[in-house]
Amino acid sequence: MQEALIQARKAAASDETPIGAVVIDADSRTILARAHNQCIGLNDPTAHAEILALRQTAAGKGNYRLPGMVMVVTLEPCLMCLGAMIQARISGLVFGTRDPRAGAIVSCLDISELQWLNHRMWYMDGVMENECAELIKDFFRNKR
């Protein structure tokens, strides 16, 4: 999560919503990709940290399927990012703080209730929750 927070701070420095993500190979425990939100900078509504990290990992692996990979992200993923993680077949997700407005893992949508999904992943939330939440709160507090 420390690495994801570094990425989130990079996003904030670029005036992007401060969300950072890393993809880790669960077997070797090595980081394969690092990314932060770049929707504004890239003029791309899909340029969320999670999507960019998945793209980097898939390119590096030469495969769009990423079993055995774990996504670590500072904020609970949205529906788009959840869909991308399902399509990539990642094994697990770790996130820092919940997103009561758009979180698609437990906050606004509970993935355990989506019985029709063709892929299941484990998840863990609350990792470095205070640090992740404060970064986002401070960013938006300064915007207002």
Side-chain angles (χ1 to χ4, degrees), residues 1-12 14 16-141 143:
M1 189 61 74
Q2 291 283 0
E3 290 294 325
L5 277 164
I6 289 169
Q7 291 299 311
R9 289 184 190 104
K10 286 182 181 181
S14 298
E16 300 270 2
T17 303
I19 300 169
V22 296
V23 175
I24 299 171
D25 182 306
D27 292 332
S28 67
R29 296 180 185 248
T30 58
I31 295 175
L32 301 178
R34 293 172 173 84
H36 59 276
N37 271 22
Q38 295 185 60
C39 297
I40 298 166
L42 296 176
N43 293 313
D44 181 354
T46 69
H48 289 196
E50 300 95 323
I51 301 292
L52 297 174
L54 288 172
R55 287 176 183 162
Q56 287 175 31
T57 307
K61 289 283 192 184
N63 194 338
Y64 73 107
R65 299 287 195 213
L66 303 173
M69 303 301 128
V70 176
M71 173 73 69
V72 179
V73 63
T74 56
L75 183 68
E76 178 181 5
C78 70
L79 185 58
M80 175 183 69
C81 293
L82 169 61
M85 288 184 283
I86 289 167
Q87 292 301 315
R89 307 294 195 266
I90 66 163
S91 297
L93 167 67
V94 176
F95 63 93
T97 190
R98 293 183 179 193
D99 183 354
R101 292 181 179 211
I105 308 301
V106 292
S107 295
C108 298
L109 186 67
D110 184 345
I111 62 170
S112 66
E113 293 179 3
L114 303 178
Q115 299 302 313
W116 49 268
L117 290 177
N118 62 345
H119 174 71
R120 301 265 179 242
M121 72 183 95
W122 58 264
Y123 72 87
M124 175 190 308
D125 69 320
V127 176
M128 298 182 70
E129 181 175 9
N130 292 335
E131 294 92 330
C132 294
E134 283 305 311
L135 185 60
I136 291 172
K137 287 176 188 173
D138 288 347
F139 177 80
F140 285 110
R141 190 177 301 121
K143 285 274 195 201

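Since the structure is predicted, the reported quantities are computational estimates derived from the model, not experimental observations.
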- Item | Stepwise side chain to side chain contact (heavy atoms under 4.5 Å, CB included) check, V106 with F95 | CA-CA 11 Å; V106 292; F95 63 93; 4.2 Å; yes
- Under the side chain to side chain contact (heavy atoms under 4.5 Å, CB included) criterion, do N118 and I86 qualify, and how do the steps go? CA-CA 8 Å; N118 62 345; I86 289 167; 3.8 Å; yes
Specify the closest pair of heavy atoms between [X] and [Y], including all atoms of both residues, with the distance to one decimal.
{"X": "C78", "Y": "A104", "result": "C-CB, 3.5 Å"}
{"X": "C108", "Y": "A102", "result": "SG-N, 3.8 Å"}
{"X": "S28", "Y": "D25", "result": "N-OD1, 3.1 Å"}
{"X": "S107", "Y": "E76", "result": "OG-OE1, 2.5 Å"}
{"X": "A133", "Y": "T97", "result": "CB-OG1, 3.7 Å"}
{"X": "G96", "Y": "C132", "result": "CA-SG, 3.8 Å"}

Mind listing the side-chain donor-acceptor pairs of residues 61-74 below 3.5 Å, one per line with the distance, residues two or more places apart or on another chain?
unit_1	atom_1	unit_2	atom_2	d
N63	OD1	R65	N	2.9
R65	NH1	Q87	O	2.4
T74	OG1	G20	N	3.2

- Side-chain heavy atoms of I90 within contact of L54, under 4.5 Å: yes
- How about Q56 and V23: do any of their side-chain heavy atoms sit closer than 4.5 Å? no
So, using side chain to side chain donor-acceptor pair (under 3.5 Å) as the criterion, who are the partners of [X] when residues are at least two apart?
{"X": "D138", "value": "R141"}
{"X": "H48", "value": "none"}
{"X": "R89", "value": "none"}

Does anything in [range] form a salt bridge (Lys or Arg N to Asp or Glu O under 4.0 Å)? List the pairs, not counting sequence neighbours.
{"range": "residues 31-57", "answer": "E3-R34, D44-R55"}
{"range": "residues 92-101", "answer": "R98-D125"}
{"range": "residues 103-115", "answer": "none"}

Could you state the interatomic distance from [atom1] ([X]) to [atom2] ([Y]), rounded to the nearest 0.5 Å?
{"X": "M80", "Y": "M85", "atom1": "CE", "atom2": "CE", "value": "10.0 Å"}
{"X": "L135", "Y": "E131", "atom1": "CG", "atom2": "CD", "value": "10.0 Å"}
{"X": "I19", "Y": "I136", "atom1": "CD1", "atom2": "CD1", "value": "5.0 Å"}

- Hey, does the side chain of H119 reach the backbone of A88 with a donor-acceptor pair shorter than 3.5 angstrom? no
- Task: Could you walk me through whether T17 and L75 pass side chain to side chain contact (heavy atoms under 4.5 Å, CB included), step by step?
- Result: CA-CA 11 Å; T17 303; L75 183 68; 5.8 Å; no
- Item | side chain to side chain contact (heavy atoms under 4.5 Å, CB included) partners for E16, two or more places apart | A11, S14, N37, Q38, C39, I40
